[in-house]
Colleague: 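Structure in structure tokens, see below.
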Amino acid sequence: MTAVNATHSVTVRRSQAAATRIIVRDAIESDLPQIAAIYNSAVASRVATAQLEPVTVESQRHWLQGNYPFLIADIHDTVAGWLSFKEFLPRRAYRGTVELSVYVSERFRHRRIAHTLLEKAIARAPQLHLHSLVGLIFGDNAPSLKLFEGFAFARWGLLPGIARVENQSRDLVIVGRRV
């Protein structure tokens, strides 16, 4: 399967007086430093990822080399956020199911970046021959759970206490929806 290259432009209202133009496009290699910086911010926060050590640009090059798109939200040539499609599990029966992960720069939060990225990902899913989308979200990450639920993702599973972050057990909620 090959990724479909697409660029989408969306204007998101922040206030009555100001608008921010978000361009959603496929990531390119030169975006990797900003992508890694956003992810490392999430790693440090311990809120949204089970990754406990920062990543390097070099260690994450594979993110852009898969069979699925890696979308970014571009605001004035700055990566404001990103969304990845990842193979859910390697077994053949799971073809057509992907895990979606979305991260937004602290600088651009509360501007509907994640909403815009998730909306575009769902719209592209049929072109990618996907039938199911899943998200793996810590149970206490209310903003992410709310985001996915707002797009008709249902709770498909719970893995209680499966993750250990800072010596605390964390639940993993599996959300999903059919395309």
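On a predicted model such as this, the values are computed, not experimentally measured, just so you know.
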Colleague: If you measure from CD1 on I137 to NZ on K146, what distance do you get to the nearest 0.5 Å?
Modeller: 13.5 Å
Colleague: Grab the two heavy atoms, one from P54 and one from N40, that are nearest each other, plus how far apart they are.
Modeller: CA-OD1, 3.2 Å
Colleague: Is R61 close to E29 at the side-chain level, that is, under 4.5 Å between some pair of heavy atoms?
Modeller: yes
Colleague: Can you confirm if the aromatic rings of Y68 and W63 lie within a centre distance of less than 6.0 Å?
Modeller: no
Colleague: What is the minimum heavy-atom distance between P33 and V57, and which atoms define it?
Modeller: CA-CG2, 3.6 Å
Colleague: Can you name the nearest heavy-atom pair linking I35 to A27, along with the distance?
Modeller: CD1-CB, 3.9 Å
Colleague: Identify, with sequence neighbours excluded, every residue that meets salt bridge (Lys or Arg N to Asp or Glu O under 4.0 Å) alongside R177.
Modeller: none
Colleague: Could you give the distance from NZ (K86) to CG (L100), rounded to the nearest 0.5 Å?
Modeller: 9.5 Å
Colleague: Indicate the atoms forming the closest heavy-atom contact of L32 with Q60, along with that distance.
Modeller: CD2-O, 4.0 Å
Colleague: Could you check whether any side-chain N or O of Q34 sits under 3.5 Å from a backbone N or O of V79, counting only pairs where one atom can act as donor and the other as acceptor?
Modeller: yes
Colleague: Of all heavy-atom pairs between D26 and D31, which one has the smallest distance, and what is that distance?
Modeller: O-OD2, 4.5 Å
Colleague: Tell me, do L71 and R25 make a side-chain contact under 4.5 Å, heavy atoms counted?
Modeller: no
Colleague: Should L130 and T97 count as side-chain neighbours, where that means a heavy-atom distance under 4.5 Å?
Modeller: no
Colleague: Do E87 and V98 have side chains that approach each other closer than 4.5 Å (heavy atoms only, starting at C-beta)?
Modeller: no
Colleague: State, to 0.1 Å, how close L117 and A73 come at their nearest heavy-atom pair, and which atoms those are.
Modeller: CD2-N, 3.8 Å
Colleague: Please check if atom CD in E53 has more than 12 non-hydrogen atoms from other residues, nucleotides or ligands closer than 6.0 Å.
Modeller: no
Colleague: Please answer whether the main-chain N or O of N141 pairs with a side-chain N or O of S144 as donor and acceptor at a distance below 3.5 Å.
Modeller: no
Colleague: Are any of the side-chain heavy atoms of F88 and V134 separated by less than 4.5 Å?
Modeller: yes
Colleague: Does any part of the side chain of W82, heavy atoms only, come nearer than 4.5 Å to the side chain of F70, both counted from C-beta?
Modeller: yes
Colleague: Name every donor-acceptor pair, under 3.5 Å, that has one atom in a side chain of residues 148-176 and the other anywhere in the protein, sequence neighbours excluded.
Modeller:
{"unit_1": "E149", "atom_1": "OE2", "unit_2": "R155", "atom_2": "NE", "d": "3.1"}
{"unit_1": "E149", "atom_1": "OE2", "unit_2": "R155", "atom_2": "NH2", "d": "3.2"}
{"unit_1": "R164", "atom_1": "NH1", "unit_2": "S169", "atom_2": "OG", "d": "2.7"}
{"unit_1": "E166", "atom_1": "OE2", "unit_2": "R46", "atom_2": "NE", "d": "2.7"}
{"unit_1": "E166", "atom_1": "OE2", "unit_2": "R46", "atom_2": "NH2", "d": "3.2"}
{"unit_1": "R170", "atom_1": "NE", "unit_2": "D140", "atom_2": "OD1", "d": "3.3"}
{"unit_1": "R170", "atom_1": "NE", "unit_2": "D140", "atom_2": "OD2", "d": "3.2"}
{"unit_1": "R170", "atom_1": "NH1", "unit_2": "R46", "atom_2": "O", "d": "2.8"}
{"unit_1": "R170", "atom_1": "NH2", "unit_2": "R46", "atom_2": "O", "d": "3.4"}
{"unit_1": "R170", "atom_1": "NH2", "unit_2": "V47", "atom_2": "O", "d": "3.3"}
{"unit_1": "R170", "atom_1": "NH2", "unit_2": "D140", "atom_2": "OD1", "d": "3.0"}
{"unit_1": "D171", "atom_1": "OD1", "unit_2": "G161", "atom_2": "N", "d": "2.7"}

Colleague: Looking at R95, is its backbone amide N or carbonyl O close enough to the side chain of H129 to form a donor-acceptor pair, meaning the two atoms are under 3.5 Å apart?
Modeller: no
Colleague: My understanding is that only one of V102, I113, L83 makes a side-chain contact (heavy atoms from CB on, under 4.5 Å) with L118; could you say which?
Modeller: L83
Colleague: Are the side chain of T116 and the backbone N or O of R112 linked by a donor-acceptor pair below 3.5 Å?
Modeller: yes
Colleague: Between S105 and R107, is there a donor-acceptor pair closer than 3.5 Å when you use the side chain of the first and the backbone of the second?
Modeller: yes
Colleague: Once rounded to the nearest 0.5 Å, what's the spacing between atom CG of L64 and atom OG of S84?
Modeller: 10.0 Å
Colleague: Roughly how far apart are Y94 OH and H131 NE2, rounded to 0.5 Å?
Modeller: 10.5 Å
